[in-house]
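Step one of this worksheet: look at the structure below.
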Amino acid sequence: MASSRAAVLSGVRTRMALAGVLAVLAAALLAGTIVLGMKAASASREATWRDEALAAGRQTALNMMTLDYRTVNDDMKRVLSSTTGAAKDQYASNADTFVAEITKTQATSQAQVLSAGLTGGDGDSAEVIVAVSAVVTNPQVPQGTPRYMRFVFDVTNVDGKWLVSKFGVAQ
């Protein structure tokens with residue numbers, strides 16, 4: 001009887017040890033899954049802000065270069081709605097002169113983005129470079145004249161929306 005009792009105790013200890021090992025393995029698996037999930041979520045957030053910052057730069061470049069004397073006031077509003085801070089102030093301060101010149105010359109411009117890239121940033125701000133080509137027409141040049149621009153934008157996340165906060169032209 002003593003040997004059968006010892007065998008039962010040995011079997012119970014073995015099962016308890018096995019259960020302990022399985023519990024440790026399950027905990028390790030759970031921890032690994034959580035870490036991988038957090039890394040994937042972080043990578044997804046980074047990809048999202050990068051895509052959004054780049055899209056804001058691309059769209060602002062198009063807005064700045066796609067203009068029509070018949071809709072120039074709406075065109076200007078579109079540019080101003082995609083800017084903030086110094087960029088908005090800079091563009092707004094020249095808006096009246098710009099509108100008058102486009103209207104006087106009856107100019108139109110159709111633009112397309114040739115390429116764009118993010119040179120750096122984080123979830124709050126980034127630098128975007130955008131190369132744009134446009135064909136500018138007016139009554140004196142109805143076939144149009146090609147124009148090429150390379151913009152450098154600082155974009156800032158303002159309440160979840162990426163806006164151009166500073167801009168310049170790359171040489």
Side-chain angles (χ1 to χ4, degrees), residues 32-171:
T33 302
I34 290 170
V35 167
L36 288 175
M38 290 173 60
K39 283 184 178 183
S42 177
S44 176
R45 279 192 299 276
E46 182 168 337
T48 298
W49 75 255
R50 286 175 168 274
D51 291 345
E52 290 172 354
L54 190 56
R58 292 173 70 92
Q59 189 59 55
T60 301
L62 281 176
N63 292 348
M64 290 177 136
M65 295 292 293
T66 301
L67 303 165
D68 188 316
Y69 71 96
R70 296 166 292 221
T71 60
V72 70
N73 289 317
D74 290 336
D75 297 341
M76 297 303 286
K77 287 177 188 173
R78 197 168 30 258
V79 172
L80 290 172
S81 73
S82 64
T83 58
T84 189
K88 187 172 209 148
D89 295 343
Q90 181 181 353
Y91 206 82
S93 70
N94 295 313
D96 291 339
T97 304
F98 202 52
V99 168
E101 187 62 26
I102 290 171
T103 303
K104 182 177 112 181
T105 61
Q106 295 183 347
T108 65
S109 175
Q110 286 295 317
Q112 66 179 10
V113 172
L114 300 174
S115 65
L118 207 60
T119 61
D122 55 37
D124 296 320
S125 63
E127 184 179 78
V128 179
I129 297 177
V130 185
V132 180
S133 70
V135 176
V136 179
T137 64
N138 63 40
Q140 287 72 39
V141 188
Q143 75 280 7
T145 302
R147 299 274 191 255
Y148 301 94
M149 297 288 290
R150 289 179 297 160
F151 292 104
V152 179
F153 295 130
D154 286 351
V155 293
T156 304
N157 189 335
V158 178
D159 298 327
K161 183 177 181 185
W162 286 89
L163 301 172
V164 171
S165 54
K166 181 180 171 188
F167 70 89
V169 177
Q171 298 298 322

If I compare all heavy atoms of [X] with all of [Y], which pair ends up nearest, and what's the gap?
X      : Y      : result
Ala126 : Trp49  : CB-CZ3, 4.0 Å
Asn63  : Ser82  : ND2-OG, 4.0 Å
Ser165 : Thr156 : OG-OG1, 2.8 Å

Taking only distance into account, with no hydrogens and no angle test, what donor-acceptor pairs under 3.5 Å do side-chain atoms of residues 127-146 form with protein atoms, sequence neighbours excluded?
unit_1: Glu127; atom_1: OE1; unit_2: Thr119; atom_2: OG1; d: 2.6
unit_1: Thr137; atom_1: OG1; unit_2: Thr108; atom_2: OG1; d: 2.3
unit_1: Asn138; atom_1: OD1; unit_2: Gln140; atom_2: N; d: 2.8
unit_1: Asn138; atom_1: OD1; unit_2: Val141; atom_2: N; d: 2.9

Taking only residues two or more places apart in sequence, or in another chain, which ones meet Phe151 in a ring-ring contact (aromatic ring centres under 6.0 Å, His included)?
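By the ring-ring contact (aromatic ring centres under 6.0 Å, His included) rule, Phe151 matches Phe153.
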Out of curiosity, [X] [atom1] to [Y] [atom2], how far, rounded to the nearest 0.5 Å?
X      : Y     : atom1 : atom2 : result
Thr60  : Leu80 : OG1   : CG    : 10.5 Å
Thr103 : Asp68 : OG1   : CG    : 9.5 Å
Gln112 : Arg58 : CD    : CZ    : 10.5 Å

Can you list, pair by pair, the side-chain donor-acceptor contacts under 3.5 Å of residues 91-101, counting residues two or more places apart and other chains?
unit_1: Ser93; atom_1: OG; unit_2: Asp89; atom_2: O; d: 3.4
unit_1: Ser93; atom_1: OG; unit_2: Gln90; atom_2: O; d: 2.9
unit_1: Asn94; atom_1: ND2; unit_2: Gln90; atom_2: O; d: 3.1

Side-chain touch Val155/Val164, heavy atoms, less than 4.5 angstrom:
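Yes. Closest side-chain heavy atoms under 4.5 Å.
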Can you tell me if CZ on Arg150 sees more than 12 non-hydrogen neighbours from other groups inside 6.0 Å?
no
Would one find more than 12 heavy atoms of other residues, nucleotides or ligands at under 6.0 Å from atom NZ of Lys166?
no
